[in-house]
Amino acid sequence: MDAELQTQIAFHLAGRKSGAETGSAAGADARPALLARHRDLTALRYDFPLVLLRDADDKGYVQCLSGIVDNVVHGLVKDDSGDRLTQHLLRLEREIRAQLAAGATGSLSALWDAAASRLTAHGDALLKDSLKRARRALKVEGELADCDQSMPRRLLKRAWSMVQDRKTHKLSDDLRRLTIGLSNILQADAARSEAGHSAAGLKASIGSGHAEVFDFAVLARVLARTSAQGGLTAGRRRRIESLLSVLKSQRFLPVPDDGQEHAAQDRCYAFAFGSCAEALAAYRERLPKALELARSIAVAELEVEGEYREAAHDALFKDFGDSNLGEEELSHFPAYLVCIPADKLQAAETDKLMEMLSAGLPAKILVQTDDLLEESTIARDGHFALGMRSKHLASMAIGLNDVYVLQSSSSNLFQFRERILKGMSYAGPALFSVYSGAGGTSGGTGSLPPYLVAAAAMESRAFPAYTYDPSAGPNWASRFHLEANSQVEVDWPVQEFSYEDENHQRVRTEPGFTFVDFVACDRRHAGHFALVPRAKWNAKMIPADDYLRRDATAAQDAVPFITLVGGDNVLQRAIVDDRLMRAALRCRESWHSLQELGGIHNSHAERLLAKETKAREEQAQQAPSAPAPQAAAPAAAPEPEEKRSPDEAYIETARCTTCNECTQINDKMFMYNENKQAYIANPDAGTYAQLVEAAETCQVAIIHPGKPRNPAEPGLPDLLKRAEAFA
Ligand code: SF4
C-alpha cells in the first residue's frame with residue numbers, strides 16, 4: 001500500500017490530517033457538485049418568493065411569483081409581441097428576486113413597481129410598454145415572502161387565518177341571528193306591556209312623522225281596556241336577557257354588522273401564541289366562557305323557535321359542562337396557533353405541547369428547526385442532532401393516532417400548501433414540523449441561501465417530508481404520504497452530473513445526493529473532509545453513495561469521497577472521515593423506517609411475499625404430473641443508451657413530477673407519456689424562448705433546451721445565456 005493511500009485511510013479512520021499530504025477542508029465557496037449549478041438563485045425560476053394572497057379564495061392563499069408572472073403573460077394578448085412580453089416579464093421577475101435577496105420587503109405591487117422603475121430608468125420604450133401592459137393585467141395582491149427564517153411562520157399563519165375566517169363565519173352568522181331573534185322577543189313583549197301601551201310608549205313607537213295625526217292619550221285608554229294581559233314570564237324574560245348578555249359580550253369572535261364591529265374586533269381574544277404554555281393557560285382560562293357561550297347558543301336556538309320547555313330543559317342545561325363541548329362544538333371556535341422555535345422546546349414546554357395534542361385541543365402547532373447540525377451535540381456524543389427534538393415530537397404525535405402531522409423542509413412548503421390547509425382545517429390538533437435551512441447564521445451553513453440548505457436537507461434524507469392525516473382513511477396506506485421526496489424508492493436520489501475532464505472530454509456521471517453531501521454544505525463540519533489534489537486520486541477512492549451501499553468487507557481499504565465544485569468551477573474531491581459515514585448510515589436507517597411506514601420495501605410485506613413464493617414453488621415441485629414450466633420469455637433487451645447530441649433539447653423524463661408547468665407553456669412541444677411524465681414531443685412546435693422558459697420554470701430542473709433550431713429567432717444571445725444553466 002503506498003504512503004498516500006495510507007495517509008488517506010488514516011484520515012478516513014481516525015480523522016487525522018497530514019497537512020502536507022491532504023489538503024485542508026473544502027474551500028469556503030466549494031459546494032457539493034449537484035448544487036454547483038445554483039450559485040445564483042436570483043437567476044433561477046423556482047417556487048420562491050411566495051405571495052401570501054391578501055384575498056384568499058378558492059384558488060388558495062398563496063401563489064409563487066413565477067406562477068403569477070406566467071398567468072400575467074398568458075392573460076395578455078398573444079400577438080407578435082408575445083415573446084417580447086415574456087422576456088421583459090422574466091426580467092422583471094428576476095429583478096424582484098434580486099431586490100428580495102438584497103433585503104427588500106413589502107407587497108407584490110410595491111416591489112413590482114419598484115422593479116419596473118429600476119428596469120425602465122434608462123428609457124427603453126418597448127420595455128416600458130410591456131411592463132405597463134403587464135401591470136394592468138396583474139390581478140392579485142399580497143405580501144412577498146422569500147424562503148427565509150420567517151417564511152414558515154408567515155405562510156402557516158396565512159393558512160390558519162384563512163381557515164379561521166371560514167370556520168367562524170357560520171358561528172358569527174348564528175350569533176347575529178340569535179341576538180336579533182332574542183331581541184325581537186323582548187321588543188314584542190315590551191310593545192304589549194303597560195309601558196308600551198302608555199301614551200308616551202305609543203308615541204315613541206309610531207315616531208314623530210305622524211305624531212300630529214293621533215291622540216295618543218285616547219288611544220292608550222282604548223288599548224288599556226281591550227289588550228290581553230300576559231307576555232313573558234319573569235323567568236323567561238330573565239333567561240332571554242341573560243342569553244343576550246352572553247352573546248353580546250362573548251370575546252371569541254367579532255360579529256359583523258352589529259354596528260360595533262370594530263369595537264368587537266378590538267376586544268376579541270388573541271389566538272396566536274409563542275409558546276404552548278401560554279396557549280394552554282389561555283385555553284384553560286377561557287374554557288368556562290366557551291362553555292357558557294356554547295350552552296347559551298343551544299338555549300337561544302330553542303328560545304327563538306319557542307321550543308324551550310323549562311320542565312325538561314332547565315335540568316338538562318344546568319349541568320352543561322366540559323363533556324358537552326365535543327369536537328363538533330369546538331370546531332366552530334377559533335383554533336389556537338402556536339409557533340415555537342425547536343431550540344426553545346425545553347422539557348416543560350414539550351410536556352405542554354404533548355398535553356395539548358393528546359387532549360385533542362383545537363391547536364395548530366408549528367415547531368421550526370433552524371439548525372439540523374448542531375455542533376455542540378456532535379462534540380458531546382459524536383452524533384448529529386438532525387433535528388431530533390422536532391423529529392421525535394412528530395413521531396410521538398403520529399403515535400397518538402388522531403393528530404395531523406406534517407414534516408417538511410421550508411423549500412417544499414409551497415408544494416405542501418394544500419396539505420398545510422388540510423392540517424389547519426382538520427377538526428383535531430395538528431403539528432407542523434418544519435426545517436427552515438436558515439440556521440447557523442454566525443459562520444454556520446456557509447454561503448448557501450436557506451432555500452438550498454433546506455432543499456439539500458430534504459434531498460439527502462436528513463429531513464424528509466411527509467404527512468400523516470388521520471382523516472384520510474383507516475390505515476397507513478391512506479394516511480401516510482411520503483411521495484413528496486425525490487426518488488422515494490431508493491436510499492439516495494440520483495441526478496445526472498456532467499463535467500469536462502482534463503482531456504476536455506464531457507463526462508456524464510450519476511452521483512447520489514447523500515447525507516454526507518448535505519453536511520458538506522456546512523462549513524462548521526469541514527473537519528470531516530480532506531481535499532485530495534487531483535494528482536493523488538486513486539482507484540481506492542470511491543464515491544460516498546457507492547461506499548454506503550457496500551458491506552464492511554467490500555468497503556475495506558476503500559476511502560469514500562464526495563465531489564465538490566469550487567467558485568472557479570473546478571472539480572475537487574474530498575475524502576470523508578468514518579464518523580460522518582456512520583452518521584450517514586444512521587440517517588439512511590431512519591429513512592428506511594419512513595419508507596416502511598410509507599409501504600416501500602415493507603419488511604412484513606416482503607416476508608409474506610417470500611413465504612408465498614416459497615409455498616408456490618414447493619407446491620409446484622410436489623405436483624406429480626405438473627407440466628414442464630414454460631420457458632420464461634426472454635427479458636426485453638434494455639434500450640441502448642440514447643446517444644444524444646449536446647445540441648438536442650431533451651427532458652429527463654423519469655424524474656418528471658407531472659407539475660404541468662411545461663405543458664402549460666406549450667402542449668404541442670411538451671407532452672406526457674403513458675406514465676404521465678413529460679417529454680419533448682416536437683421541438684419545432686414552439687420557440688426556443690419557450691424551451692428556455694420551460695427549463696427555468698421546471699421545479700426539478702430536468703428540461704435541457706439544447707441549441708436553438710431557428711437561427712433567426714429574435715433574442716437568441718440572451719436566450720442562450722439563460723439556457724447555459726441547463727446544459
Ligand atoms: S418536465 Fe418539469 S415542468 Fe414539465 S411537467 Fe415535468 S416536472 Fe413539470
Side-chain angles (χ1 to χ4, degrees), residues 34-35 37-38 41 43-50 60 62-74 86-87 89-90 93-94 97 408-409 411-419 451-452 455 458-459 465 481-490 493-498 510 513 642 644 646 648-707 709 719 722-727:
L34 290 175
L35 297 180
R37 69 171 72 156
H38 304 310
L41 267 188
L44 185 72
R45 294 197 91 206
Y46 64 113
D47 281 352
F48 290 87
L50 305 178
V62 60
Q63 285 186 24
C64 63
L65 178 64
S66 299
I68 291 172
V69 168
D70 288 345
N71 288 340
V72 169
V73 170
H74 295 149
T86 306
Q87 284 178 36
L89 274 178
L90 289 176
E93 185 184 323
R94 265 203 302 277
R97 277 209 176 86
S408 176
S409 276
S411 55
N412 182 57
L413 286 182
F414 181 67
Q415 299 300 326
F416 263 5
R417 59 196 181 280
E418 287 303 320
R419 290 175 182 274
Y451 173 81
L452 279 188
M458 184 166 152
E459 195 78 356
H481 172 85
L482 192 64
E483 280 70 21
N485 301 283
S486 357
Q487 300 169 39
V488 71
E489 301 254 339
V490 301
V494 167
Q495 283 187 38
E496 187 184 295
F497 175 70
S498 302
E510 289 204 328
F513 193 83
E642 229 176 316
R644 212 177 264 124
E648 187 189 333
Y650 71 100
I651 293 181
E652 295 167 58
T653 299
R655 295 180 46 222
C656 170
T657 58
T658 321
C659 72
N660 298 340
E661 294 283 4
C662 59
T663 53
Q664 276 175 9
I665 290 171
N666 185 330
D667 60 2
K668 303 279 182 304
M669 181 183 268
F670 304 100
M671 285 188 175
Y672 286 128
N673 65 12
E674 62 283 2
N675 294 328
K676 199 119 187 359
Q677 291 182 301
Y679 67 102
I680 295 182
N682 181 0
D684 296 316
T687 60
Y688 187 62
Q690 287 178 318
L691 263 170
V692 175
E693 186 193 344
E696 289 172 332
T697 309
C698 179
Q699 311 294 346
V700 283
I702 55 173
I703 300 179
H704 304 277
K707 292 283 181 300
R709 299 168 75 89
L719 291 170
R722 282 161 54 195
E724 273 172 17
F726 308 98

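Note: hydrogens, waters and symmetry copies are ignored here, and every other heavy atom, side chains too, is used. Each residue takes its place number in the sequence, starting with 1. Just so we're clear, the structure is a prediction, and the values are computed from it rather than from any experiment. Counting convention: from 1, in listed order, for ligands and their atoms alike.
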>> Check for me whether Thr657 has a heavy atom closer than 4.0 Å to any atom of ligand 1.
In response: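 Right, Thr657 reaches ligand 1.
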> Taking 2.8 Å as the cut-off, does an N/O/S atom of Cys656 lie below it from atom 4 (Fe) of ligand 1?
Replying inline: no
> Between Asp70 and Arg45, is there a side-chain N and carboxylate O pair less than 4.0 Å apart?
Replying inline: yes
Please classify the [X] to ligand 1 contact at 4.0 Å (heavy-atom distances, strictly less than): side chain, backbone, both or neither.
{"X": "Tyr672", "answer": "side chain"}
{"X": "Asn660", "answer": "backbone"}
{"X": "Ala678", "answer": "side chain"}

> How close does the nearest protein non-hydrogen atom get to atom 8 (Fe) of ligand 1, and which residue and atom is it?
Replying inline: Cys659 SG, 2.4 Å
> What is the closest protein heavy atom to atom 2 (Fe) of ligand 1, and at what distance does it sit?
Replying inline: Cys698 SG, 2.4 Å
With distance as the sole test, does [X] use its side chain to make a donor-acceptor pair with the main-chain N or O of [Y] at under 3.5 Å?
{"X": "Glu661", "Y": "Cys698", "answer": "no"}
{"X": "Thr653", "Y": "Ala678", "answer": "yes"}
{"X": "Gln495", "Y": "Phe513", "answer": "no"}

>> So if I count the atoms of ligand 1 from 1 in the order they appear, which ones are less than 4.0 Å from some heavy atom of Cys662?
In response: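 Close to Cys662: 1 (S), 3 (S), 4 (Fe), 5 (S).
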>> Out of all atoms in ligand 1, which are within 4.0 Å of some heavy atom of Glu661? Include the element for each.
In response: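 Close to Glu661: 3 (S).
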> What closest approach, in Å, do Ile703 and Leu691 show between heavy atoms, and which atom pair accounts for it?
Replying inline: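 Closest pair (atom of Ile703, atom of Leu691, distance): CG2-O, 4.3 Å.
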> How would you list, by chain and number, every residue that makes a salt bridge (charged side-chain N to carboxylate O under 4.0 Å, His left out) with Arg655, sequence neighbours excluded?
Replying inline: Glu652
> Tell me the ring-ring contact (aromatic ring centres under 6.0 Å, His included) pairs involving residues 663-682, sequence neighbours left out?
Replying inline: none
